Amino acid sequence: MVKDLFERIQNNKGPLGKWASQAEGYYVFPKLEGELGPRMKFQGKDILNWSLNDYLGLANHPEVRQADTEAAMTYGAAYPMGARMMSGHTKYHEQLENELAAFVMKEAAYLLNFGYQGMVSIIDALVSKNDVIVYDVDAHACIIDGVRLHMGKRFTYKHNDIESMEKNLQRATKLAEETGGGILFITEGVFGMRGQQGKLKEIVAMKERYNFRLLVDDAHGFGTLGKTGAGAGEEQGCQDGIDVYFSTFAKSMANIGAFVAADKDVIDYLKYNLRSQMFAKALPMIQTIGSLKRLELLRQSSAIKDKLWENVNALQNGLKDRGFNIGDTNTCITPVYLEGSIPEAMVMVNDLRENYGIFLSIVVYPVIPKGIILLRMIPTASHTIEDIDETLTAFEAIREKLVNGTYAKIAAETTVDVS
């Protein structure tokens, strides 16, 4: 008997979906209103927002807003129509690619419509069934989904663990010798949940012992790390050792789109084999011209990045001084680890939003281990020291309620839907 295809999804909503009736619209899929920035509205109330990836505060920079507006007035939202290969290619796309390549110190670059879609397609294009992939077990979902398309072998190594990397490179080398293929090593410049930098310098050094190519997803490092803002590779002094560099515009650039940069022969290959771009409409002119202005601001002034790091250091040092566990983050991403259940986490976040006016992202199982609550904050250049002080005061209050059982008591009295 053939089952109804929808029977499974009707009976099993998944580890996150099972909380939908209690969480949707508040804990997940929340509606933030007002101008993007540290102060917005949530369900009609003023909140202090720590949940925007607008690291450099460019979303509302007057020059950026003007560039976006002028591009929209000149070209509208549709231009150019068609894929780049057929009818969607312009001099502005080329200009942005050339400037991005120079900024991250690579020979060439290619624009992508979306970061997630782009990374999936890059992995698919770079490897054949005879090749072997080695990647970090904590890699972003876009990397995992890209690896799933691979018809050959792949190995995961323990997160940021050099010994595990080397062990799996040895396994990959042995297998690639048998298949006649190569090895693609994938890691992140910055891991988005916990905030650690990938160990790029150590990985690049392994090239002296193993023959592999390195792909780095630097979504959170681009614009925030390195002397010029060129990312984690520049920060660690090993940008030359990154064979394929990827980043999105959705973080520091406060925009839609992404890019991949590498030697010209690699980019030329991707241009003709990257299916997510070959068969997709070109990046609209609003995003293309708008990104040129954002990149100009990144290149011309370090003041924005300096302000970002002033706020990052103030927030992270303030949390550590008060005894909070922020792990081993060495980037802007600021995680706070607390012990508690998912129901307790929901009560805590409700308290933060309703009684302290603090809005941030909550991360629970299955993204992190059971019994751990991760409160993830994204400091930006737009935040103020007053914002930070207000948040630190609120955190001290909620920790006390978590420790003394207040949240557990409220959670126990609340009906929780886990069906």
Side-chain angles (χ1 to χ4, degrees), residues 36 51-59 64 68 84 93 96-97 99-101 103-104 106 108-126 135-136 138-147 186-193 195 197-198 200 215-226 228-235 239 242 244-262 267 270 274 276-277 280-284 286-295 297-299 304-305 308 331-333 361 376 378 380-381:
L36 285 173
S51 194
L52 293 181
N53 286 321
D54 184 21
Y55 285 119
L56 301 175
L58 293 180
V64 167
D68 290 349
R84 291 276 298 278
H93 290 77
L96 180 55
E97 287 168 343
E99 293 188 15
L100 284 166
F103 186 67
V104 298
K106 297 297 178 188
Y110 190 57
L111 288 179
L112 310 168
N113 290 358
F114 295 99
Y116 197 111
Q117 174 196 60
M119 176 55 75
V120 169
S121 196
I122 289 166
I123 296 170
D124 179 51
L126 287 176
Y135 67 106
D136 194 294
D138 279 0
H140 188 271
C142 66
I143 294 174
I144 293 172
D145 284 352
V147 170
I186 310 173
T187 188
E188 296 187 49
V190 175
F191 288 87
M193 284 296 137
Q197 291 182 47
L200 306 184
L215 165 61
V216 174
D217 176 348
D218 202 25
H220 292 274
F222 179 83
T224 68
L225 294 176
T228 69
E234 182 184 39
E235 177 79 11
Q239 187 77 348
I242 298 173
V244 183
Y245 179 93
F246 165 90
S247 187
T248 176
F249 296 159
K251 307 295 190 285
S252 290
M253 295 275 272
N255 205 354
I256 292 175
F259 74 99
V260 56
I267 295 302
L270 290 176
L274 204 61
S276 65
Q277 296 305 125
K281 182 179 180 296
L283 193 68
I286 299 172
Q287 281 72 41
T288 304
I289 292 178
S291 290
L292 281 166
K293 172 53 69 174
R294 290 159 170 82
L295 186 57
L297 292 171
L298 274 179
R299 289 197 310 260
I304 300 173
K305 187 162 72 74
L308 166 64
T331 65
C332 303
I333 296 169
S361 297
R376 178 175 176 266
I378 304 293
T380 73

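Sequential numbering from 1 along the given sequence is applied to the chain's residues. Note that the structure is a prediction, hence the values are computed from the model and not measured.
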**Q** Assess the residue pair Val104 and Leu100 against the criterion (side-chain contact (heavy atoms from CB on, under 4.5 Å)); give the C-alpha distance rounded to whole Å, side-chain angles, the decisive distance to 0.1 Å, and a yes or no.
**A** CA-CA 6 Å; Val104 298; Leu100 284 166; 5.8 Å; no

**Q** Mark yes or no for whether Lys106, through its side chain, and Gln239, through its backbone, hold a donor-acceptor pair below 3.5 Å.
**A**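 Indeed, once roles are kept as given, a pair shorter than 3.5 Å links the two residues.
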
**Q** Determine, for Arg294 against Asp68, whether the closest basic-nitrogen to carboxylate-oxygen distance falls under 4.0 angstrom.
**A**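 The answer is yes: the pair qualifies as a salt bridge.
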
**Q** Name the one of Leu111, Ile256, Leu295 that satisfies side-chain contact (heavy atoms from CB on, under 4.5 Å) with Phe249?
**A** Leu111

**Q** Identify the two heavy atoms, one from Gln117 and one from Ser276, that lie closest to each other, and give their separation to 0.1 Å.
**A** CG-CB, 3.5 Å

**Q** Apply the test side-chain contact (heavy atoms from CB on, under 4.5 Å) to residues Ser121 and Ile123: give CA-CA distance (whole Å), side-chain angles for both, the deciding distance (0.1 Å), then the verdict.
**A** CA-CA 5 Å; Ser121 196; Ile123 296 170; over 6 Å; no

**Q** Could you go through the side-chain contact (heavy atoms from CB on, under 4.5 Å) check for Tyr116 and Asp145 one step at a time?
**A** CA-CA 9 Å; Tyr116 197 111; Asp145 284 352; 2.5 Å; yes

**Q** Any chance the side chains of Ser291 and Asn255 put a donor and an acceptor closer than 3.5 Å?
**A**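 Asn255 and Ser291 do have a side-chain donor-acceptor pair below 3.5 Å.
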
**Q** Distance check, rounded to the nearest 0.5 Å: Thr224 atom OG1 versus Asp218 atom CG?
**A**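 The distance works out to 7.5 Å.
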
**Q** In Å and rounded to the nearest 0.5 Å, what is the CG to OG distance from Leu297 to Ser252?
**A**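 Answer rounded to 0.5 Å: 12.5 Å.
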
**Q** So, does Arg376 use its side chain to make a donor-acceptor pair with the main chain of Gly192 at under 3.5 Å?
**A**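 It does hold such a pair.
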
**Q** So, Thr380 side chain and Gly57 main chain: donor-acceptor pair closer than 3.5 Å or not?
**A** no

**Q** Salt bridge check, Glu97 against Arg84: does any charged N sit closer than 4.0 Å to a carboxylate O?
**A**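 Looking at Arg84 and Glu97, the cut-off is met.
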
**Q** Distance-only, no hydrogens or angles: does the Asn113 side chain make a donor-acceptor pair with backbone N or O of Gly257 under 3.5 Å?
**A** no

**Q** Kindly compute the distance separating CG (Leu215) from OH (Tyr135), expressed to the nearest 0.5 Å.
**A**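 Result: 13.5 Å between the selected atoms.
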
**Q** What are the two closest non-hydrogen atoms of Leu58 and Asp54, and how far apart are they?
**A** N-OD1, 3.0 Å

**Q** Closest heavy-atom contact between Ala59 and Ala254?
**A** N-CB, 3.7 Å

**Q** Under the 3.5 angstrom rule, does the side chain of Lys305 hit a backbone N or O of Leu225 as a donor-acceptor pair?
**A** no

**Q** Give the minimum heavy-atom separation between Leu283 and Thr288, together with the two atoms involved.
**A** O-OG1, 3.4 Å

**Q** Using a 4.5 Å cut-off on heavy atoms from C-beta on, say whether the side chain of Leu308 contacts that of Cys332.
**A**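 Yes. Closest side-chain heavy atoms under 4.5 Å.
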
**Q** Please tell me whether Phe259 and Phe222 form a close aromatic pair, meaning their ring centres lie under 6.0 Å apart.
**A**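 When the ring centroids of Phe259 and Phe222 are compared, they turn out to be within the sub-6.0 Å range.
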
**Q** Short question: side chain of His140, backbone of Phe191 - any donor-acceptor pair under 3.5 Å?
**A**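 Pair absent, no side-chain N/O of His140 close to backbone of Phe191.
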
**Q** Any side-chain heavy atom of Leu274 sitting closer than 4.5 Å to one from Tyr110?
**A** yes

**Q** What closest approach, in Å, do Ile144 and Ala139 show between heavy atoms, and which atom pair accounts for it?
**A** CD1-O, 3.4 Å

**Q** Rounded to the nearest 0.5 Å, how far does CG of Leu292 lie from CG of Leu96?
**A** 4.5 Å

**Q** Using 0.5 Å steps for rounding, measure from the CG atom of Leu56 to the CE atom of Met253.
**A** 10.0 Å

**Q** Decide whether Glu234 and Thr228 meet the rule of one side-chain donor and one side-chain acceptor closer than 3.5 Å.
**A** yes

**Q** Knowing that exactly one of Thr331, Ile304, Ile333 qualifies, which makes a side-chain contact (heavy atoms from CB on, under 4.5 Å) with Tyr55?
**A**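 Output: one option passes, namely Ile333.
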
**Q** Evaluate side-chain contact (heavy atoms from CB on, under 4.5 Å) for Ile143 paired with Glu188, printing each intermediate quantity in order.
**A** CA-CA 9 Å; Ile143 294 174; Glu188 296 187 49; 3.9 Å; yes

**Q** Could you report the tightest heavy-atom contact between Ala108 and Ile267, atom names first, then the distance?
**A** O-CG1, 3.6 Å

**Q** In terms of side-chain heavy atoms, does Ser361 have a donor or acceptor partner in Ser51 at a distance below 3.5 Å?
**A** yes

**Q** Could you grab the distance from atom CD1 of Ile186 to atom CZ of Phe246, nearest 0.5 Å is fine?
**A** 11.5 Å

